[in-house]
Colleague: 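Handing you this structure, nothing more for now.
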Amino acid sequence: MTAAEILQEFNTLARPERARLVEQALRQLTVDERKPIERLIRRLQNPDVPESFWGGVEDHEDGRSVDMETA
(Lines give C-alpha, C1' and ligand atoms only; values in the text may rest on other atoms or scores of the structure.)
Protein backbone atom coordinates (compact mmCIF):
# COMPACT_ATOMS: atom_id res chain seq x y z
CA MET A 1 0.00 0.00 0.00
CA THR A 2 1.40 3.41 -0.93
CA ALA A 3 1.40 6.49 1.26
CA ALA A 4 -1.16 8.08 -1.06
CA GLU A 5 -3.47 5.10 -0.60
CA ILE A 6 -3.04 5.21 3.16
CA LEU A 7 -3.88 8.91 3.23
CA GLN A 8 -6.91 8.37 1.05
CA GLU A 9 -8.15 5.64 3.39
CA PHE A 10 -7.32 7.78 6.43
CA ASN A 11 -9.54 10.58 5.12
CA THR A 12 -12.52 8.22 4.93
CA LEU A 13 -12.33 7.41 8.66
CA ALA A 14 -14.51 9.10 11.26
CA ARG A 15 -12.78 11.81 13.27
CA PRO A 16 -12.37 9.69 16.46
CA GLU A 17 -10.84 6.87 14.43
CA ARG A 18 -8.40 9.26 12.76
CA ALA A 19 -7.38 10.59 16.16
CA ARG A 20 -6.84 7.06 17.45
CA LEU A 21 -4.75 6.18 14.39
CA VAL A 22 -2.55 9.26 14.78
CA GLU A 23 -2.11 8.54 18.48
CA GLN A 24 -0.99 4.99 17.73
CA ALA A 25 1.42 6.21 15.04
CA LEU A 26 2.96 8.74 17.43
CA ARG A 27 3.53 6.03 20.02
CA GLN A 28 5.78 4.27 17.51
CA LEU A 29 8.20 7.23 17.48
CA THR A 30 11.06 7.77 19.88
CA VAL A 31 10.79 10.50 22.51
CA ASP A 32 13.09 12.76 20.50
CA GLU A 33 11.09 12.21 17.31
CA ARG A 34 7.80 12.82 19.10
CA LYS A 35 8.80 15.99 20.99
CA PRO A 36 8.49 18.54 18.13
CA ILE A 37 5.16 17.04 17.06
CA GLU A 38 3.75 17.20 20.59
CA ARG A 39 4.92 20.80 20.89
CA LEU A 40 3.20 21.74 17.64
CA ILE A 41 -0.02 20.06 18.75
CA ARG A 42 0.15 21.91 22.06
CA ARG A 43 0.44 25.23 20.22
CA LEU A 44 -2.45 24.37 17.90
CA GLN A 45 -4.66 23.43 20.85
CA ASN A 46 -3.85 26.71 22.63
CA PRO A 47 -3.72 29.44 19.96
CA ASP A 48 -4.32 32.18 22.54
CA VAL A 49 -1.05 31.44 24.39
CA PRO A 50 1.81 33.71 23.24
CA GLU A 51 4.80 32.18 21.47
CA SER A 52 7.14 33.67 24.07
CA PHE A 53 5.44 31.57 26.74
CA TRP A 54 5.92 28.37 24.76
CA GLY A 55 9.58 29.23 24.26
CA GLY A 56 10.00 29.49 28.02
CA VAL A 57 8.15 26.24 28.64
CA GLU A 58 10.30 24.42 26.09
CA ASP A 59 13.50 25.90 27.49
CA HIS A 60 12.50 24.56 30.89
CA GLU A 61 11.54 21.14 29.47
CA ASP A 62 14.92 20.92 27.76
CA GLY A 63 16.80 21.91 30.92
CA ARG A 64 17.77 25.36 29.63
CA SER A 65 16.80 27.30 32.73
CA VAL A 66 18.33 28.58 35.93
CA ASP A 67 16.93 29.14 39.41
CA MET A 68 15.69 32.65 40.17
CA GLU A 69 18.28 32.94 42.93
CA THR A 70 21.07 32.12 40.48
CA ALA A 71 19.78 34.59 37.90
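Quick note: residue numbers are just sequence positions, from 1.
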Colleague: So which residues get pulled into M1's cluster when ILVMFWY side chains under 4.5 Å apart are joined, directly or through others?
Modeller: I6

Colleague: Give a yes or no on whether a salt bridge exists between R20 and E23, defined as a side-chain N under 4.0 angstrom from a carboxylate O.
Modeller: no

Colleague: Same cluster for L13 and L26 if Ile/Leu/Val/Met/Phe/Trp/Tyr side chains link at under 4.5 Å?
Modeller: yes

Colleague: Identify, with sequence neighbours excluded, every residue that meets side-chain contact (heavy atoms from CB on, under 4.5 Å) alongside E33.
Modeller: L29, T30

Colleague: Under the salt bridge (charged side-chain N to carboxylate O under 4.0 Å, His left out) test, which residues partner R43, sequence neighbours left out?
Modeller: E51, E58

Colleague: Taking side chain as C-beta onward, heavy atoms only, is R42 less than 4.5 Å from V57?
Modeller: yes

Colleague: Apply side-chain contact (heavy atoms from CB on, under 4.5 Å) to R15 and list each qualifying residue two or more places apart in sequence or on a separate chain.
Modeller: R18

Colleague: Who passes side-chain contact (heavy atoms from CB on, under 4.5 Å) against D62, sequence neighbours left out?
Modeller: K35, R39, R64

Colleague: Any non-hydrogen side-chain atom of I41 less than 4.5 Å from a side-chain atom of N46?
Modeller: no

Colleague: Please list, chain by chain and in numerical order, all residues satisfying side-chain contact (heavy atoms from CB on, under 4.5 Å) with T12, sequence neighbours excluded.
Modeller: E9

